[in-house]
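Note that the numbering runs from 1 along the sequence shown for the chain. Remember, it's a predicted structure, so these values are computed and weren't measured experimentally.
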Amino acid sequence: MPRSSPFPKSDAEADAIRRVSVNALWLIVQPLLLNLMGIPVLAYATRVLGEVNYGRFVLGSSTALLVMGLCLLGTRAVAVRTMAAHRDAAARYAGELLAWRAVSGALVMGLAAWLAASPSLGFSPPARHVFYAALAWQYLALLTGTLADYFHANERMALSARSQLAAGLALNVATLLFLALGGGLTGYCAAYVLGGAVGFGTALLGLRGMPWPRLRLRWGFVRELAAAAAPFMLLAVVGTISARLDVWIVTRATGEAGAGLYGAAFGLIQRLIVVPDGIATSLYPALAAASAGESTPAEGLLRRYLVWMGMVTLPIALAVSLLAPAIVAVLYGPRFAGAAPLLAMAIWLLPLAGVQMLAATALNAAHLQRITVRSSLLANAVVLTGLLLLTPRWGLIGAVTAILAREAVATTICAGAAIRRFPGCLDRKALPAAAIVWAITATLASLARMLPPGWEVVGIAAVMGLVYPGLLWRAGLLPGRRRLRGRTP
């Protein structure tokens, strides 16, 4: 007798899942492939620049990202949620939002450039020049991100993905060209500015076929936006500062060379974080719409994507952790050998961040941002305390430990709150099978790590590429043709 699918769903839920899946593919596959293509470019850049110059790049760009990130002040979640709920007025809203961010970003950029000239900040001249260039490309990213918010609210993630693709290709090509011509650190920064300009131009072209946002600077809109985003503002400020303050503390404790090792490890992780970020971003508009009605569709979406998030991020983290020394040696060379233990530890941010992003997305969509604010405050208090206490004593390992502690605290709080708000989001039937699959995979991968040098890469790749998908299929965690039709043999 036919049995029901392990993932039963209504027609509305099935339609939402299809939309989210397509949008998630655009936001994951394309950036992931682009980032994978960019890894050899990153390896070439670090070898040309060396750990000191690359450390200067990490310090200057991180500081610019901190400064320009404050321009958002938590308005992104509010903007996407509002435009998704009122799509007939989304173009007008997007135009006013773009005008405000353009003006506020320009003011912040000018003020930051003026303050950076102060010797009290401790910037070396090369790091200061990186900071100036990074302000320019972060300003372009701010404008491009505003158009991306408009695309996401209309569930047109393909347009945002094309903009990212164009920017990434321009960045990679320009990096190779400028460094090959002897541009050094200046050429590397110029490549980022060019990539930002190409991304913004491509986003403008993506507006064809959509209602064009009409630029209008209206102070009433700014007040309304500030009032709606007030619960997110403290979260955004604290989160932005803590997310970039680690580079400052690492640089103070270990010098620009230590920042280079730290940046090399986290540079790889940032290229993989597009996986959970793409899933959560694509899910937000659907969750915002579902949360406005009955809770069941939202629970169904969360139930599926929490399981899938773990199935994707855990094996990536395990493989990278086991192969960290080989990865660093191949990509960066012997001068960056100190980045291997950092990468082996920090890669576990990937599954933690995946669960936290999904849980926080669900809470924000359900207007429960007060919970994400509290979790962020507590988590950032943990990381700041850890960075100040552990980095001077344990160096780079201490900094990574503090970052992991922050993510663990935020994940625990947000996931617990999401489960309480959406009781059906936790698939208790799939968890035991998923745990068994994971235990077998981790054991086999750890045994493969003991193979002779070179062969351990082959063994771990075989476990992750062949054994792991087979176990998932056997456990019924991958929807086959029959399961998609709602029945099993």
Side-chain angles (χ1 to χ4, degrees), residues 34-66 116 121-138 140-141 167-198 244 246-273 324-343 346 395-396 399-400:
L34 187 62
N35 283 333
L36 290 176
M37 290 188 293
I39 287 176
V41 179
L42 174 65
Y44 175 68
T46 53
R47 287 173 181 267
V48 171
L49 297 176
E51 65 272 28
V52 175
N53 269 339
Y54 189 69
R56 291 166 176 164
F57 174 82
V58 170
L59 175 62
S61 59
S62 296
T63 307
L65 185 59
L66 184 156
L121 291 180
F123 275 128
S124 64
R128 187 182 301 115
H129 296 155
V130 171
F131 177 66
Y132 293 150
L135 285 175
W137 81 66
Q138 288 299 330
L140 291 168
L169 289 175
L171 169 61
N172 288 335
V173 172
T175 297
L176 293 174
L177 179 62
F178 293 164
L179 291 180
L181 293 175
L185 188 57
T186 301
Y188 194 43
C189 293
Y192 271 83
V193 175
L194 178 61
V198 170
R244 297 298 159 184
D246 58 334
V247 177
W248 274 74
I249 296 175
V250 165
T251 305
R252 293 285 184 178
T254 64
E256 290 178 335
L261 298 176
Y262 187 81
F266 277 90
L268 291 175
I269 296 170
Q270 289 168 358
R271 281 164 167 76
L272 295 173
I273 211 74
I327 292 173
V328 170
V330 170
L331 293 180
Y332 300 132
R335 287 190 298 179
F336 284 83
L342 309 181
L343 178 61
L396 298 176
V400 174

Nearest 0.5 angstrom please: [X] [atom1] to [Y] [atom2], how far?
| X | Y | atom1 | atom2 | result |
| --- | --- | --- | --- | --- |
| Leu331 | Tyr44 | CG | OH | 15.5 Å |
| Ile269 | Leu342 | CD1 | CG | 9.0 Å |
| Leu42 | Thr46 | CG | OG1 | 5.5 Å |
| Leu135 | Thr63 | CG | OG1 | 9.0 Å |
| Arg252 | Thr254 | CZ | OG1 | 12.0 Å |
| Leu268 | Ile273 | CG | CD1 | 12.5 Å |

Would you call the rings of Tyr188 and Tyr54 parallel, tilted or perpendicular, where under 30° means parallel and over 60° means perpendicular?
-> tilted
Can you name the nearest heavy-atom pair linking [X] to [Y], along with the distance?
| X | Y | value |
| --- | --- | --- |
| Ala265 | Ala339 | CB-O, 4.0 Å |
| Phe178 | Gly187 | CD1-O, 3.2 Å |
| Val247 | Ser62 | CG2-OG, 3.6 Å |
| Ala259 | Thr251 | CB-OG1, 3.5 Å |
| Phe336 | Gly50 | CZ-C, 3.9 Å |
| Ala170 | Val198 | CB-CG2, 3.8 Å |

Heavy-atom distance under 4.5 Å between the side chains of His129 and Cys189, does that happen here?
-> no
Show the numbers, then the answer: is there a side chain to side chain contact (heavy atoms under 4.5 Å, CB included) between Leu59 and Val130?
-> CA-CA 8 Å; Leu59 175 62; Val130 171; over 6 Å; no
Check against side chain to side chain contact (heavy atoms under 4.5 Å, CB included), Tyr262 and Val400 = CA-CA 9 Å; Tyr262 187 81; Val400 174; 4.2 Å; yes
Do any N or O atoms from the side chain of Arg56 and from the backbone of Glu256 form a donor-acceptor pair under 3.5 angstrom?
-> no
Not counting sequence neighbours, which residues clear side chain to side chain contact (heavy atoms under 4.5 Å, CB included) with Ser61? List them please.
-> Phe57, Ala134, Trp137
